[in-house]
Protein chains: 2
Amino acid sequence: MVKKKESAQQATDKQIAAFAKALGHPTRVAIIQFLLSQESCYFGDIHDVFPNAKATVSQHLKELKNAGLIQGEIETPKVKYCINKENWEIARNLFGNFFASEIKNNC
Amino acid sequence: MVKKKESAQQATDKQIAAFAKALGHPTRVAIIQFLLSQESCYFGDIHDVFPNAKATVSQHLKELKNAGLIQGEIETPKVKYCINKENWEIARNLFGNFFASEIKNNC
DNA sequence: TTTGTTGTTCGCAAAAGTACGAACAAAATG
DNA sequence: CATTTTGTTCGTACTTTTGCGAACAACAAA
């Protein structure tokens, strides 16, 4: 089976979509805002701010982590979450370019 | 039933999430890029550049339209789609502010 | 009126997302 | 060792998303 290699643009679109998808839920947007505003964020701190069960919060954090937007490290017995700065920068640039495009069409 | 009014921040998060969700699929990101790059975009033009069935393309367009990112008008017998400039500006600003935040935490 | 063109909507199936309680794991503490 | 604290993972139920072919609607043209 031959699979055509995807273009660089397609790869970019995929990455944008992956970040966007992770941000596609109000709770996850709010979690990011919260992490941006705090010095240090343990799971419990985050959980306290949202009306969801801890299983649900944990799942949202997992998705943000899988997308690369945040990272978590164990500080026994707690888990500390924070923004993944490197990927945050990448996301910032991708969305920056995306929205910077001139609109050519005229309706 | 009493429902607590949501905060302005919550409303903002919802709006960001709604835009992000609409952009949470590679094909939809690519559709937006395409619309940004073309003078005028009829459904057929869009359909031609994607490997999906027309029903699928139509559905993606519908979601982008529901999110407010694009608009479509009938030019019988064709349908012309384009970026919704007003909402595009809103999205640009929301994401701009979102990603402009200083990262306070330090991991 | 019949035919052709252009897209949308419908109905289906498979997959993914959302939310929760309960069970579980890991490590410190009594 | 039993207990407590902190989160993750599991299992379940329900909803939503994705993608497609087929049916349909609107209109122009033959």
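Below, chain A is the first sequence line, B the second, and so on; all start at residue 1.
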Colleague: Would you indicate, yes or no, if dT18(D) has its OP1 or OP2 atom less than 4.0 angstrom from a side-chain nitrogen or oxygen of T56(B)?
Modeller: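 So the side chain of T56(B) is outside the cut-off, no N or O lying under 4.0 Å from OP1 or OP2 of dT18(D).
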Colleague: In residues 42-55 of chain A, which ones come under 4.0 Å of DNA chain D, going by heavy atoms?
Modeller: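 Heavy-atom cutoff 4.0 Å gives Y42(A), F43(A), G44(A), K54(A), A55(A).
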Colleague: How long is the line joining CG of N66(A) and P of dT8(D), in whole Å?
Modeller: 12 Å
Colleague: Start with the C-alpha gap between E75(B) and Y42(B), add the side-chain angles, then the distance that decides, and say whether side chain to side chain donor-acceptor pair (under 3.5 Å) holds.
Modeller: CA-CA 9 Å; E75(B) 283 190 8; Y42(B) 296 109; 2.9 Å; yes
Colleague: Let me know the distance between CD of E75(A) and P of dT8(D), rounded to the nearest Å.
Modeller: 13 Å
Colleague: Rounded off to whole Å, could you give me the NE2-to-C1' distance for the H60(B) and dT9(C) pair?
Modeller: 16 Å
Colleague: Determine the interplanar angle of the F43(B) and H47(B) rings, folded into 0 to 90°, and report it as parallel if under 30°, tilted if 30 to 60°, perpendicular if over 60°.
Modeller: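 Correct class here is parallel.
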Colleague: Would you kindly give the NZ-to-P distance between K62(A) and dT18(C), to the nearest whole Å?
Modeller: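 My rounded result for the distance is 13 Å.
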Colleague: Rounded to whole Å, how long is the line connecting atom NZ of K78(A) with atom C1' of dT8(D)?
Modeller: 17 Å
Colleague: Would you say dG17(C) has OP1 or OP2 under 4.0 Å from some side-chain N or O of K21(A)?
Modeller: yes
Colleague: From the options L94(B), T12(B), I16(B), select the one residue that forms a side chain to side chain contact (heavy atoms under 4.5 Å, CB included) with V29(A).
Modeller: I16(B)
Colleague: Tell me whether the side-chain N/O atoms of Y81(A) come closer than 4.0 Å to OP1 or OP2 in dT8(D).
Modeller: yes
Colleague: Would you say F50(A) ends up clustered with I70(A) if hydrophobic residues are merged whenever their side chains have heavy atoms under 4.5 Å apart, either directly or through other cluster members?
Modeller: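 Yes; tracing contacts between hydrophobic side chains, which count when under 4.5 Å, links both residues.
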Colleague: When the distance from NZ of K80(B) to P of dT8(C) is rounded to whole Å, what number comes out?
Modeller: 15 Å
Colleague: Classify the side-chain pair D13(B)/Q33(A) by whether it contains a donor and acceptor separated by less than 3.5 Å.
Modeller: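 Per modelled atom types, D13(B) and Q33(A) side chains form a pair under 3.5 Å.
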Colleague: Would you mind reporting whether D45(B) and Q38(B) have side-chain heavy atoms less than 4.5 Å apart?
Modeller: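 Answer no - side chains too far apart.
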Colleague: Please produce a list of atom pairs where a protein N or O lies less than 3.5 Å from an N or O of nucleotides 28-30 of chain C.
Modeller:
none

Colleague: Does E6(A) form a salt bridge (charged side-chain N to carboxylate O under 4.0 Å, His left out) with K14(A)? I'd like the steps, not just the answer.
Modeller: CA-CA 10 Å; E6(A) 70 180 7; K14(A) 259 194 191 170; 3.3 Å; yes
Colleague: Could you give the CD-to-P distance, from E63(B) to dG7(C), as a whole number of Å?
Modeller: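 My rounded result for the distance is 20 Å.
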Colleague: Taking only side-chain N and O atoms of H25(B), does any of them lie within less than 4.0 angstrom of OP1 or OP2 on dG19(D)?
Modeller: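 Yes, within the criterion.
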Colleague: More than 12 heavy atoms of other residues, nucleotides or ligands under 6.0 Å from CD of E86(A): yes or no?
Modeller: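 It does not: E86(A) CD has 12 such atoms or fewer within range.
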Colleague: Hey, do the aromatic rings of F95(A) and W88(A) have their centres closer than 6.0 Å?
Modeller: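 No: the rings miss the under 6.0 Å criterion.
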Colleague: Let me spell it out: for each of K65(A) and Q59(A), pick the nucleotide of DNA chain D with the closest heavy atom. Which residue's pick is nearer the 5' end?
Modeller: K65(A)
Colleague: Take atom CG of L61(A) and atom C1' of dG17(C), then tell me their distance rounded to the nearest Å.
Modeller: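 Going from L61(A) (CG) to dG17(C) (C1'), I get 16 Å.
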